[in-house]
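Residue numbers count from 1 along this sequence.
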Amino acid sequence: MPVPESSRALLLPGPQPPLSHFGATLLRHVLTTGLRYALHGLGAKTPDGAPMRIVRLRLYLDRKKLVRTLGDDPGAEALIAALLEPGGAGALPANAGSIRGALGFHRLRLHVRRRKRLSTTEAPRGAEAPELWHSFRTTLTDLLPALNEALLGELVATLDRRAARAKGRSIERCLGPQAFALRAGKRADLSWLGVADPLAPAWSESPGARDHVATRLGDLPPAVGHRLRGDFRETYRRALGPIRAAYLRLAAAARERGLIEEAGDAFFIPFDLAEDLTADRPAAWLPETVASNRREYQSLLEAPSPPELLGAGPPKELIDDRDEWALAPLWPLE
């Protein structure tokens, strides 16, 4: 496929399990916020809406929406190529001086900065639904700066790697710090590794998943470590720990009031509608939406996947890569 119309190669490449409906829409919110930050930081136009689409519960950046956002400004084509085809080759054009200057500034700044602290504040014991919702939103807001920085770092690294390939250099696939440490047999903080979905805990809290992956490390393609490339995937999983905890407290309170049958139902509500879990009685749409979304999610767990690069319309070919989904957090990035 010469020019993909949709892609998830930048952040979640390779075999990927479906996300829960809450997880997919939460990721869309986080990535939209992060793209605004990253593109603004590079002196480019920023999206009003979400320049992405959800396909079979996987999130893809969308070319048409990115073109509408960035237009024909100098450097727009190179930015879109970096977002959609990180494994390709190409440099910023000569007339994209402002982006080139911002890129140099952020390249230096990001390589010397430390990862932002991912600190949050829990709601007090016995908090009511509105306070639990406020705690969840505050947790997410507190974590966004670190996620924004990580996404900017991915874009800076990808632009540099594409430019190096354009000069004929061989660039190896790579991993973020914790994924590389694990694959290298070194000490890794497993709270930074796991499925990119708040429905599931990190590997630090999931011994079964951790132990299964440990037996499969030899099945992975080779990769080197990188300070910036792969950082978003790890930072997002680390952020999902407190996000998941805050959301489960809200879900448990909603279950006690009879809004949902079990706390896990909350993960089959889109992020944009999750505030309805603070209501005194269930919204009319809630039971059927949860049931329908659960059925869709379960069916996709048993179905082949769309590839990481897509053409226009629905995917024409699906891949049965379910046996490799467990390796997704360690899959190398271009």
Evaluation steps, side-chain contact (heavy atoms from CB on, under 4.5 Å), between Leu175 and Val224 = CA-CA 6 Å; Leu175 293 165; Val224 298; over 6 Å; no
Thr46 versus Thr69: any side-chain heavy-atom pair under 4.5 Å?
-> no
Would Ser6 and Arg53 count as having a side-chain donor-acceptor pair, cut-off 3.5 Å?
-> yes
What distance do His226 atom NE2 and Arg173 atom CZ have between them, rounded to the nearest 0.5 Å?
-> 15.0 Å
If you round to the nearest 0.5 Å, how far is OH of Tyr236 from CH2 of Trp192?
-> 14.5 Å
Salt bridge between Asp272 and Arg28, side-chain N to carboxylate O under 4.0 Å?
-> yes
Would you mind reporting whether Asp73 and Ile99 have side-chain heavy atoms less than 4.5 Å apart?
-> no
Is Ile171 reachable from Leu10 through a run of I, L, V, M, F, W or Y residues, each pair having side-chain heavy atoms under 4.5 Å apart?
-> no
Do Arg257 side-chain atoms and Leu277 backbone N/O form a donor-acceptor pair below 3.5 Å?
-> yes
Quick one: do Phe268 and Leu59 end up in the same hydrophobic cluster if we chain Ile, Leu, Val, Met, Phe, Trp and Tyr together by side-chain heavy atoms under 4.5 Å apart?
-> yes
Between Leu26 and Leu240, is a side-chain contact (heavy atoms from CB on, under 4.5 Å) present by the stated rule, with each step listed?
-> CA-CA 10 Å; Leu26 172 68; Leu240 286 180; 4.0 Å; yes
Any salt bridge between Arg281 and Asp276, counting N to O under 4.0 Å?
-> no
Is the count of non-hydrogen atoms from other residues, nucleotides or ligands lying under 6.0 Å from Asp280 atom CG greater than 12?
-> no
Which ILVMFWY residues can you reach from Leu330 by hopping between side chains whose heavy atoms are under 4.5 Å apart?
-> Leu182, Leu190, Leu193, Trp203, Val213, Leu217, Leu220, Leu327, Trp331
Carefully, step by step, assess Asp323 and Arg216 under the rule salt bridge (Lys or Arg N to Asp or Glu O under 4.0 Å).
-> CA-CA 10 Å; Asp323 188 52; Arg216 300 281 309 279; 3.6 Å; yes
Could Asp189 and Arg238 be called an ion pair, given the rule that one side-chain N must be under 4.0 Å from one carboxylate O?
-> no
Is there side-chain contact between Pro332 and Arg183, with heavy atoms separated by less than 4.5 Å?
-> yes
Count the heavy atoms belonging to other residues, nucleotides or ligands that lie under 6.0 Å from CD of Glu128, then report whether that count exceeds 12.
-> no
Rounded distance (nearest 0.5 Å) linking atom CG of Leu57 with atom CG of Asn293 | 8.0 Å
Taking NZ, NE, NH1 and NH2 as the nitrogens, is one of them in Arg295 or Glu288 under 4.0 Å from a carboxylate oxygen of the other?
-> yes
Stepwise side-chain contact (heavy atoms from CB on, under 4.5 Å) check, Leu79 with Leu159 = CA-CA 8 Å; Leu79 287 173; Leu159 286 165; 3.9 Å; yes
Does the pair Arg109/Glu149 count as a salt bridge with the N-to-O cut at 4.0 Å?
-> yes
For Glu275, side-chain contact (heavy atoms from CB on, under 4.5 Å) partners two or more places apart | Trp133, Thr278
Quick one: does Leu11's side chain get under 4.5 Å of Leu27's, heavy atoms only?
-> no
Rounded to the nearest 0.5 Å, how far does OH of Tyr60 lie from CG of Leu84?
-> 12.5 Å
Exceeds 12 heavy-atom contacts within 6.0 angstrom, atom NE2 of His29 | yes
Min side-chain heavy-atom separation Trp325-Val195 under 4.5 Å | no
With side chains defined as the heavy atoms from C-beta onward, is the minimum distance between Ile269 and Thr25 less than 4.5 Å?
-> no
Apply side chain to side chain donor-acceptor pair (under 3.5 Å) to Ser305 and Arg58, showing your working.
-> CA-CA 9 Å; Ser305 312; Arg58 283 88 169 175; 3.0 Å; yes
In short, Gly49 meets Pro51 closest at the heavy-atom pair O-CD, 3.3 Å
Are any non-hydrogen side-chain atoms of Glu234 and Pro177 less than 4.5 angstrom apart?
-> yes
Do the side chain of Arg100 and the main chain of Leu92 share a donor and acceptor less than 3.5 angstrom apart?
-> yes
What heavy-atom pair brings Ala127 and Leu132 nearest, and what distance separates the two atoms?
-> O-CD1, 3.7 Å
Under a single-linkage definition using a 4.5 Å side-chain heavy-atom cutoff for Ile, Leu, Val, Met, Phe, Trp and Tyr, are Leu110 and Leu333 assigned to the same hydrophobic cluster?
-> no
What distance do Leu228 atom CG and Cys174 atom SG have between them, rounded to the nearest 0.5 Å?
-> 9.5 Å
If you measure from the Lys or Arg side-chain nitrogens to the Asp or Glu carboxylate oxygens, is any gap between Glu154 and Arg229 under 4.0 Å?
-> yes
For residues Arg165 and Gly88, report the shortest heavy-atom separation together with the two atoms involved.
-> NH1-O, 2.8 Å
Should the heavy atoms of other residues, nucleotides or ligands under 6.0 Å from NE2 of His40 be counted, would the total exceed 12?
-> no
What is the minimum heavy-atom distance between Thr235 and Ala150, and which atoms define it?
-> OG1-CB, 4.0 Å
Are Arg294 and Glu261 ion-paired here, with the side-chain N under 4.0 Å from a carboxylate O?
-> no
Is it true that the side chains of Ser135 and Arg249 contain a donor and an acceptor less than 3.5 Å apart?
-> no
Is it true that a side-chain atom of Arg56 and a backbone atom of Pro18 form a donor plus acceptor pair closer than 3.5 Å?
-> no
Just do the side-chain contact (heavy atoms from CB on, under 4.5 Å) check on Phe232 and Leu31 with the steps written out, would you?
-> CA-CA 10 Å; Phe232 178 86; Leu31 287 187; 3.4 Å; yes
Below 4.5 Å, heavy atoms only, C-beta onward: do Ile260 and Pro282 meet side chain to side chain?
-> no
Please walk me through it: do Asp320 and Arg322 pass salt bridge (Lys or Arg N to Asp or Glu O under 4.0 Å)?
-> CA-CA 6 Å; Asp320 192 356; Arg322 288 170 287 176; 2.8 Å; yes
Evaluate the ring planes of Phe22 and Phe267, with Trp represented by its six-membered ring, and classify them as parallel (under 30°), tilted (30 to 60°) or perpendicular (over 60°).
-> perpendicular
Glu308 side-chain N/O to Gly14 backbone N/O, donor-acceptor pair under 3.5 Å = yes
Can you name the nearest heavy-atom pair linking Ala166 to Ala91, along with the distance?
-> CB-N, 4.5 Å
Under a 4.5 Å side-chain heavy-atom rule over Ile, Leu, Val, Met, Phe, Trp and Tyr, are Leu318 and Leu310 clustered together?
-> no
Sidechain N-carboxylate O distance under 4.0 Å for Asp231, Arg233 | no
Val67 and Leu83: same hydrophobic cluster, using ILVMFWY side-chain contacts below 4.5 Å?
-> yes
Can you sort out the partners of Glu296 under side-chain hydrogen bond (donor to acceptor under 3.5 Å, both in side chains), two or more places apart, ordered by chain and number?
-> His21
Nearest heavy-atom neighbours spanning Ala50 and Thr32 = CB-OG1, 3.3 Å
Measure the spacing between CG of Leu61 and CE of Met52 and express it to the nearest 0.5 Å.
-> 5.5 Å
